[in-house]
Number of protein chains: 2
Amino acid sequence: MATTPPHAPEPAGMTRKIKCPAPFLSKTYDLLEEEEICGGGRGGGAAHGVERLRIVSWNSEGNGFVVWSPADFSEAMLPKYFKHNNFSSFIRQLNTYGFKKTASKRWEFQHEKFKRGQRHLLAEIGRKKCDPSGFPPFLKAKYCSKNKSNNNNNNTKNMVMLMEENNKLRRERKDLEMQISHFKNLEMKLLECLSQYTTMPLLF
Amino acid sequence: MATTPPHAPEPAGMTRKIKCPAPFLSKTYDLLEEEEICGGGRGGGAAHGVERLRIVSWNSEGNGFVVWSPADFSEAMLPKYFKHNNFSSFIRQLNTYGFKKTASKRWEFQHEKFKRGQRHLLAEIGRKKCDPSGFPPFLKAKYCSKNKSNNNNNNTKNMVMLMEENNKLRRERKDLEMQISHFKNLEMKLLECLSQYTTMPLLF
DNA sequence: GGTTCTAGAACC
DNA sequence: GGTTCTAGAACC
């Protein structure tokens, strides 16, 4: 095992943090373990030779999982673990935590730290962070592109995109400013109104 | 009817174009008409009192449609009309053509030009375009400049300016949002305070 | 932190 | 023009 022993000194500059895995990850892991025990030929069904089809399971390598039947998965399992029965919401969460779809004809997903029998790794999975650079996301790829031949063209496109972004921000600013002016107005009226009832200074 | 008669003269500057609706739209429309005829209590099922549940149908106003069972819809109907059985791909197409989801607990979608009995309107539905806005005035002159010699340089400078402007606008937006949240808080406190003095409804 | 609705972008 | 995978953003 390459994991750090319990009493090993912390690496310099790191603060000790006992991290819990995100609820979404634990639940997804639970769901797979549960299904591994009960799934397939569950209960009386097997006795009658009626093996239930797998709904979801670890893949054969144990480094990912497959939703074999999105319909049954959504209707029967999602509500048991989450607050919805919406398959796309489940997918959205997988993407949020950096899972990748790894097969084109199956709903198979993998994540470096999501493996059968390795529940402790879950705590190391975080949400994908958003870009700190402040660059609009649609420009990152193009701006950092190595394709020099199209640079002129890209520049034009980028410029247009920046202008659009810019316009959007201006519109939003205007809208926010209107809201603020509304609130200022409201505040004035309320204070006026209150002054009829009290001479106490109002501390807000 | 307000539609242009077949032989009316074209408005000046417009070229005559007999537009076909996008295949996606026709197929979706087909699918609904087909389902209207055959759906519900289809075939022998009805004879035995086993009415099949609706999979998809127009809504009651005829100005939108509802996918009642995404699972059956995906497995039974999508492959019949499209090259996949993927519900989210279908949703993606709806969004591409500007449909809106109009109910929170049903898969109901509407589009201004997508109505029961109005197939001719389909041709007026286009893909949503990515450039609705004009250029910001302060750069228009430079951008449309005929001075080709400096174009590359200017482009770079303009790009940098735009990005800086952009980041500034983001910071401002954040600041304005904070102000608004402050005002909301304040309003709440003032109303609370006022409520000690009066039970009169406050009309602002 | 989770859920929903919609869009970007690459690929076909 | 269609299909797939992933992400942004608003809202809860």
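Numbered from 1 within each chain, the chains take letters A, B, ... in sequence-line order. Predicted, not measured: the structure shown is a model, and the values here were computed from it.
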Quick check on contacts: within residues 83-98 of chain A, what sits under 4.0 Å from DNA chain C by heavy-atom distance? A/K83, A/H84, A/N86, A/S89, A/R92, A/Q93, A/Y97
Whole angstrom value for the distance that separates C1' of C/dG2 from CZ of A/F99: 15 Å
In the structure I gave you, are the side-chain heavy atoms of B/C38 and B/E34 within less than 4.5 Å of one another anywhere? yes
Choosing from D/dT3, C/dT3, C/dC5, which nucleotide comes nearest the side chain of B/F82? D/dT3
Rounded to the nearest Å, what distance is computed from the NZ atom of residue B/K101 to the P atom of nucleotide D/dC11? 16 Å
Check side chain to side chain contact (heavy atoms under 4.5 Å, CB included) between A/R127 and all other residues, then give those that pass, not counting sequence neighbours. A/T96, A/Y97
Just to verify, what does B/D175 make a side chain to side chain donor-acceptor pair (under 3.5 Å) with, not counting sequence neighbours? B/Q179
Choosing from C/dT6, D/dG2, D/dT6, which nucleotide comes nearest the side chain of A/K100? D/dT6
To the nearest angstrom, the CD-P distance between B/E177 and D/dC11 comes to 11 Å
For B/F90 and B/F24, take the angle between the two ring planes, folded into 0 to 90°, and tell me which bin it lands in: parallel under 30, tilted 30 to 60, perpendicular over 60. tilted
Got a sec, which residues hit ring pair (Phe, Tyr, Trp, His ring centres under 6.0 Å) with B/Y29, two or more places apart in sequence or on another chain? B/W58, B/F114
note: A/F109, atom CZ; D/dC5, atom C1'; distance rounded to Å ~ 9 Å
Of A/K113, A/K115, A/R119, the residue whose pairing with A/E124 passes salt bridge (charged side-chain N to carboxylate O under 4.0 Å, His left out): A/K113
I want to verify a distance call: between C/dG2, D/dG2, C/dA7, whose nearest atom is closest to the B/K128 side chain? C/dA7
Only one of B/W68, B/F87, B/F73 passes ring pair (Phe, Tyr, Trp, His ring centres under 6.0 Å) with B/W107, and that residue is B/F87
In whole angstroms, the gap separating C1' of D/dC5 from CD of A/E108 amounts to 15 Å
Should B/E36 and B/R116 count as an ion pair when the cut-off is N to O under 4.0 Å? yes
For DNA chain D, what dot-bracket results from Watson-Crick or G-U pairs at under 3.5 Å, with [ ] for crossers and | for inter-strand partners? ||||||||||||
Taking the nucleotide of DNA chain D with the nearest heavy atom to each, does A/E172 or A/R106 sit closer to the 5' end? A/R106
Assert: residue with more 5' nearest nucleotide on DNA chain D, out of B/R173 and B/Y81, is B/Y81
Could you tell me the separation between the CZ atom of A/R127 and the P atom of D/dT6, rounded to a whole number of Å? 17 Å
Kindly write out the residues that satisfy side chain to side chain contact (heavy atoms under 4.5 Å, CB included) with A/E192, not counting sequence neighbours, or none if the list is empty. none
